[in-house]
Number of protein chains: 2
Amino acid sequence: MGRVTLQTIADHVGVSRMTVSNAFSRPDQLSANLRDRVLAVAEELGYAGPDPTARALASGTAGTVGVLLSETLTYSLTDEVAMAFLAGITDELAPTGTSLTLLSAAPQGDLVPARDVAIDGAIVYSCNPESSAVSWLMRRRLPMVFVDQAPAPGIASINIDDRQGARAAAQHLVDLGHRQVAIVTTGFAGEFGLLTDPLQATTAYTERQRLLGWFDALDAAGIPATVVRQRHANPDEIGYTAAQTLLGHGECPTAILCFSDAIARGVIRALQDSGLDVPDDVSVVGFDDNPISRRISPALTTVRQDVDAKGRAAASALTLAIDRAKTGPARRIRHLMLPTELVVRASTTHPPRTSSSSTAV
Amino acid sequence: MGRVTLQTIADHVGVSRMTVSNAFSRPDQLSANLRDRVLAVAEELGYAGPDPTARALASGTAGTVGVLLSETLTYSLTDEVAMAFLAGITDELAPTGTSLTLLSAAPQGDLVPARDVAIDGAIVYSCNPESSAVSWLMRRRLPMVFVDQAPAPGIASINIDDRQGARAAAQHLVDLGHRQVAIVTTGFAGEFGLLTDPLQATTAYTERQRLLGWFDALDAAGIPATVVRQRHANPDEIGYTAAQTLLGHGECPTAILCFSDAIARGVIRALQDSGLDVPDDVSVVGFDDNPISRRISPALTTVRQDVDAKGRAAASALTLAIDRAKTGPARRIRHLMLPTELVVRASTTHPPRTSSSSTAV
DNA sequence: TAATTGTTCTGTACCGATACAGTAGCGCCC
DNA sequence: GGGCGCTACTGTATCGGTACAGAACAATTA
């Protein structure tokens, strides 16, 4: 017994294959009566509808878009902020019926998802633009949107105002009177450890923008910052060990700026384990405004970004790019930048009085 | 200018289309020399490799598998436990080069992902087995694995020992001397509110198994339980409002069993907001052993399941089912049940002395 | 030397649909 | 009653590959 295809049904009903195809995909092309007959026979034969693969080839539409996630999927999937971003994407995609395929940036054996999986377009989220996965997507000339990455010519991009947010966070500490500030950050590549010139150590766009923002405010106030940079991994552990490094390294800072809320949680945990109080001994600022940051104790001062909106914007930009690729030559590409906002909660306050040397401004 | 295909390259190099195909997909079928020439020309022409869609049709392999997630993707994506499960899947899938496509169980317009997306198989995670999405997958005769669902004949399934875990949790409370116990649970359909016969109200497999387990221990001890059941939504809010319901409803329980850790967090928050101490006034038990449950205060007593192992098991069962579907007729289907384990932490203790009427056993 | 084996490349037949340009029949109108 | 415009359906070409069974030719074996 062969497989049931459009032709099988066509033969049974006594119509052309095309009519059966229309019965499924373009109901307005045939009489309701005939359509019902076709559908009935299909039902009877256990036909599940046009084969998606064949349909994809013939129509040039896969019905799914890819999301390229940084490095291993495992990390990304346990990152609440990244997942909230995905949720924003799927929300926006839902009405269009488009599905989402998770693409690992790391090649897996000799199969490269970015090269070998059928998709109509891709959202590239916080990836190394030089990675082979990204270049495969480009070679395929797939419609793309870059998110949390350096905007590239000809490719739509969505970013948040990392720099402004970071600046506001650092300025907040400066305004509170802090003069001994540390920074805890993370990345996939570059130098790690206690860094004197972190801007030299990193190429990742988001990290770089935040560093720039922090230094905008700190430099203006003449405040040098101790920077601890760690390889990307479990953020809680990163924060914990980074804080330990800071505590073991001479003078303890009175405030710590963190790359993310998740890292900030680890930092706070380490400080508390060392008997220090947050914020009375040390102030801590996060980034992202992870939903649980409001709930932890002390509630975290952080920089809010609207991750859901970012996801939606990415999805709609991609949908647009896909439509556009079909209809005609490219029109103007948009580079969107969403705002960020400092949210002051309970994890920051004035530096303790016993604070030692303070640099004059 | 037409698109660059295998034929284009074949013409340029002066070989057959088949040879070019082999150069990409079966390197052992041609001399290294010729292969290099082919690849060089492909590079020159900006050819990105065989079109995934066409390859999928011809070879019968899409290179991606679907995960059907309960109801809306939005909820699932913000569920740490579900995401850790996905991470387990992707880890196991990585070496095979297979990607993961997120399938919404809810139909979207007239496009039904479960019917219209090209996949080699599917993992059905905690879905209503009667849902149209599941029945589409079945009609397509796709290799499938059921996870956290009632095992079905002919379909591999992975479950955890929900019942045993729940029983252990409830027994723990009984052993501590609690005689006034409440249960907070959730589901997509059925009855909601204060329930007298919750087993009647729910058909969802996991929820049912946990209820059975809780009652195994409570019934044996002759302890009636107050059950609050809420429609699936933000778990923190579910827990919060459920606890409020319990507090407003006559006698306050001395212990609360929760469907998940996330819900337990909401419950604890509500209790604390009401000036009650956890565990001195009320003990709270969760389920899942969400990673952050260890970190919150008080550290949560819960039932541990190995979500990562569940994901891996699901992925490898699916890979097996896919291979099997290709090679020959089905062999024995496996129904796997992973263990659960009670983890006692700081959120449970003896009931307060002032506890009123206690039922004799 | 003839037979056997192996390597390397080719030709044809699909995979299962959709696109698009017809064609046939039919009611309508002046 | 011939031209016109609809609706309903069909035929052919095509989407871009892979599978599989050879063919051509050199190398090995008996």
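Below, read A as the first sequence line, B as the second, and so on, with proteins coming before strands; counting in each chain starts at 1.
OP1 or OP2 of C:dG16 has not a single side-chain nitrogen or oxygen of A:Thr5 nearer than 4.0 Å. Neither OP1 nor OP2 of D:dT18 sits under 4.0 Å from any side-chain N or O of B:Ser59. Taking side-chain N and O atoms only, B:Tyr47 has no distance below 4.0 Å to OP1 or OP2 of D:dG16.
Side-chain polar atoms of B:Ser99 and B:Thr64 form no donor-acceptor pair below 3.5 angstrom. In the model, B:Thr319 has no side-chain atom that pairs as donor or acceptor with a side-chain atom of B:Ser316 under 3.5 Å.
Nearest nucleotide to the side chain of A:Arg17, out of D:dA13, D:dT18, D:dT10: D:dA13. Among the nucleotides D:dC15, D:dG16, D:dT10, the one closest to any side-chain atom of A:Ala58 is D:dC15. Considering only side-chain atoms of A:Met18, the nucleotide from D:dG17, C:dG16, D:dT10 that sits closest is D:dT10. Comparing D:dG17, C:dT10, D:dC9 against the side chain of A:Thr19 picks out D:dC9 as the nearest.
Proximity of a side-chain donor or acceptor of A:Ser59 to a complementary backbone N or O of A:Arg55 within less than 3.5 Å is detected.
One atom, CZ of A:Arg55, and another, C1' of D:dG16, lie 19 Å apart when rounded to the nearest Å. Atom CD of A:Gln7 is separated from atom C1' of D:dT12 by 13 Å (rounded to the nearest Å). One atom, CG of B:Asn22, and another, P of D:dG22, lie 18 Å apart when rounded to the nearest Å. The distance between atom CG of B:Asp51 and atom P of D:dT14, rounded to the nearest whole Å, is 18 Å. In this structure, B:Leu57 atom CG and D:dG16 atom C1' are separated by 9 Å, rounded to whole Å. Across the protein-nucleic acid pair, A:Leu6 atom CG and D:dG11 atom P stand 15 Å apart, rounded to whole Å.
Residues B:Asp120 and B:Gly63 approach most closely at OD2-N, 2.8 Å, considering heavy atoms. The two atoms that bring B:Thr8 and B:Arg3 nearest to each other are OG1-O, 3.6 Å, heavy atoms only.
Taking 4.0 Å as the cut-off between side-chain N and carboxylate O, A:Lys310 and A:Asp148 count as a salt-bridged pair.
For the segment residues 24-40 of chain A, residues with any heavy atom less than 4.0 angstrom from an atom of DNA chain D are, sorted by number, A:Gln29, A:Leu30, A:Ser31, A:Leu34.
Scored by the ring pair (Phe, Tyr, Trp, His ring centres under 6.0 Å) test, B:Tyr205 finds no partners at all (sequence neighbours excluded).
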